[in-house]
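We count ligands from 1, going down the list as the structure has it; atoms in each ligand are counted the same way. Note that these values count all heavy atoms, side chains included, but never hydrogens, waters or copies made by symmetry. Numbers here are sequence positions counted from 1.
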Amino acid sequence: MNTQTLSEKSFRLSVVVPAFNEQDVLPEFHRRLSAVLDEVCAQGHVSAEIVYVNDGSVDESANVLTDLRDADARVAIIDLSRNFGKEIAMTAGLDHAHGDAVVVIDADLQDPPELIPEMILHWQTGYDVVYAQRTSRAGESAFKKATAHLFYRLMQRLSRVHIPPDTGDYRLLSRRAVTALAGLREQHRFMKGLFAWIGYPQKAIPYARDARYGGETKWGYIGLWNFAIDGITSFSTFPLKVATYLGLVAALGAFIFGLFIFLQTLLFGNPVPGYPSLLVVVLFLGGIQLMALGIIGEYLGRMFDETKGRPLYLVKEYVPDQQEKESAEQ
Ligand code: UDP
Ligand code: MG
């Protein structure tokens with residue numbers, strides 16, 4: 001970690017931390033993050049704020065955050081009115097961050113805060129998005145790793161935006177990138193896709209992903225499945241085309257089959273067999289139709305959610321950090 005070479009230009013750094021039921025890890029997380037920020041800020045021309053987003057935690061997280069705020073003037077707290085999910089909690093944090101550079105990081109210490117100085121260095125050389133790319137993932141099952149791998153490869157095939165594989169949400173964004181993201185207000189927020197969609201110069205830095213420090217992951221397999229469907233339907237209309245082509249193939253097959261039966265009847269007469277083949281065809285077509293309807297339904301449901309035009313989240317309470325508080329009072 002080399003912070004000596006940071007450029008002399010002064011800037012403000014925001015760190016956005018979504019947290020949902022993280023009472024066990026928050027103090028240790030804050031300790032490690034503070035150590036890194038102290039080192040960065042020691043150079044005098046950097047000021048930092050840490051924006052904790054309490055995503056409707058039902059444990060003691062809210063109190064833990066208040067304690068952190070009392071002890072550290074850099075802490076800002078956004079208390080959401082209920083649990084909105086990580087993607088929206090992150091968005092709330094980005095909306096309230098004031099920094100010239102904004103880092104998004106998980107609270108569970110799976111993303112090592114020690115990478116931040118390196119991210120800043122790359123940002124200062126002109127990158128808008130500096131994302132951490134996993135070279136390993138400790139503490140996760142082989143099945144989860146395999147499905148994650150498959151999902152990223154599939155997304156790459158299906159979508160025009162390039163979503164870097166093995167990349168979480170841990171990254172640094174320039175002010176320009178944060179403003180661009182703030183313009184994307186869709187309800188189904190597949191953040192990895194949105195980060196990629198904005199484009200701008202992007203840079204990967206490799207790191208080894210640690211296991212959770214404490215508590216447990218909020219992602220079950222059903223959650224991950226829905227996450228994958230959100231990703232695909234938000235960034236590709238290819239499944240809609242699959243329905244069309246499946247229909248075409250089925251119709252063509254039926255036509256050829258019909259021709260075959262017609263000729264067979266002409267040549268050999270019709271002794272009324274064929275009940276099984278009939279049933280097979282009927283079931284096959286029924287299945288394809290239901291599947292196509294289901295795919296359309298996935299997109300239609302998302303359109304329904306978007307047309308309601310609801311706000312993404314509601315804030316119960318926002319406590320700015322000391323510096324913002326003072327500048328607001330003036
Ligand atoms: N998180 C959140 N809202 C949620 C679920 C998770 O803000 O509804 C936060 C959580 O506190 C953590 C981060 O998102 O800081 C990542 O969550 P988790 O570790 O459960 O996900 P994983 O690392 O397993 O992908
Ligand atoms: Mg985690």
Side-chain angles (χ1 to χ4, degrees), residues 15-33 50-65 68 75-97 102-113 115-116 131-134 136-149 151-152 163 165-171 187-195 207-228 230-231 312-316 318:
V15 181
V16 169
V17 192
F20 173 57
N21 294 348
E22 301 285 10
Q23 59 176 19
D24 298 336
V25 282
L26 279 171
E28 171 65 10
F29 170 81
H30 188 76
R31 195 191 58 72
R32 264 178 67 184
L33 178 64
I50 309 172
V51 184
Y52 285 106
V53 185
N54 177 19
D55 187 16
S57 299
V58 290
D59 64 355
E60 290 300 306
S61 295
N63 296 334
V64 174
L65 287 179
L68 292 178
V75 171
I77 303 173
I78 305 169
D79 218 352
L80 297 183
S81 62
R82 62 169 169 86
N83 176 255
F84 282 92
K86 180 187 178 187
E87 318 272 314
I88 287 182
M90 263 190 310
T91 308
L94 289 172
D95 289 345
H96 289 80
V102 182
V103 172
V104 183
I105 186 170
D106 283 0
D108 59 5
L109 286 171
Q110 280 191 295
D111 307 329
L115 282 185
I116 292 176
Y131 55 87
Q133 195 162 35
R134 296 180 282 259
S136 69
R137 326 173 86 176
E140 292 186 28
S141 71
F143 183 72
K144 188 167 173 185
K145 283 185 214 173
T147 46
H149 178 84
F151 172 70
Y152 286 115
I163 298 174
D166 302 320
T167 304
D169 296 316
Y170 184 25
R171 63 191 66 217
Q187 297 280 340
H188 292 268
R189 306 186 72 73
F190 179 63
M191 290 303 279
K192 293 183 214 326
L194 299 183
F195 287 137
Y207 80 112
R209 187 161 168 89
D210 298 325
R212 251 181 173 276
Y213 176 78
E216 53 188 47
T217 176
K218 278 89 199 171
W219 289 100
Y221 282 114
I222 294 180
L224 282 171
W225 170 254
N226 287 331
F227 176 76
D230 254 353
L312 284 178
Y313 57 85
L314 293 176
V315 176
K316 190 161 73 187
Y318 170 54

Quick one: look at Met90 and ligand 1, take heavy-atom pairs under 4.0 Å, and tell me if it's side chain, backbone, both or neither.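 It is neither part, as no heavy atom is under 4.0 Å.
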Test Leu312 against Arg189 for side chain to side chain contact (heavy atoms under 4.5 Å, CB included), laying out the working first. CA-CA 10 Å; Leu312 284 178; Arg189 306 186 72 73; 3.4 Å; yes
Can you name the atoms of ligand 1, numbered from 1 with element, that are less than 4.0 Å from a heavy atom of [X]?
X      : answer
Ala19  : 7 (O), 11 (O)
Ala107 : 15 (O)
Glu22  : 10 (C), 11 (O), 12 (C), 15 (O)
Asp55  : 2 (C), 3 (N), 4 (C), 7 (O), 8 (O)
Asn83  : 3 (N), 4 (C), 8 (O)

Heavy atoms only: which of Asp108, Leu26, Leu224 lies closest to atom 19 (O) of ligand 1?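 The option holding the nearest heavy atom is Asp108.
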Determine the interplanar angle of the Phe84 and Tyr313 rings, folded into 0 to 90°, and report it as parallel if under 30°, tilted if 30 to 60°, perpendicular if over 60°.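 Taking Tyr313 first and then Phe84, their aromatic rings stand perpendicular (interplane angle over 60°).
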How are the rings of Tyr170 and Tyr207 set relative to one another: parallel (under 30°), tilted (30 to 60°) or perpendicular (over 60°)?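 Ring orientation of Tyr170 relative to Tyr207: perpendicular.
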Could you report the tightest heavy-atom contact between Val102 and Val16, atom names first, then the distance?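 So the two residues come closest at CG1-CG2, 3.7 Å.
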Indicate yes or no for a side-chain donor-acceptor contact from Ser61 to the backbone of Gln23 under 3.5 Å, with no hydrogens or angles considered.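 Yes: the side chain of Ser61 pairs with the backbone of Gln23.
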Heavy-atom donor-acceptor pair, Tyr318 side chain to Ala76 backbone, under 3.5 Å: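 No, the answer is negative, given that no donor and acceptor are paired below the 3.5 Å cut-off.
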With rounding to the nearest 0.5 angstrom, report the CG to CG distance, Leu94 to Leu194.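 Taking CG in Leu94 and CG in Leu194, the distance rounds to 10.5 Å.
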side-chain hydrogen bond (donor to acceptor under 3.5 Å, both in side chains) partners for Ser57, two or more places apart: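 Residues passing side-chain hydrogen bond (donor to acceptor under 3.5 Å, both in side chains) with Ser57: Asn54.
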Does an N or O anywhere in Ala89 fall below 3.5 Å from an N or O of ligand 1?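 It does not: no N or O of Ala89 is found under 3.5 Å from an N or O of ligand 1.
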Give every protein N, O or S atom lying under 2.8 Å from the Mg ion (ligand 2), naming each by residue and atom.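 Listed by chain and number: Asp108 OD2, Gln110 OE1.
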Inter- and intrachain pairs under salt bridge (Lys or Arg N to Asp or Glu O under 4.0 Å), touching residues 75-90, at least two apart: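 Non-adjacent pairs meeting salt bridge (Lys or Arg N to Asp or Glu O under 4.0 Å): Lys86-Asp106, Lys86-Asp169.
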Show me the pairs that pass salt bridge (Lys or Arg N to Asp or Glu O under 4.0 Å) and involve residues 54-63, at least two apart or across chains.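 Checked against salt bridge (Lys or Arg N to Asp or Glu O under 4.0 Å) - neighbours excluded - no pair reaches residues 54-63.
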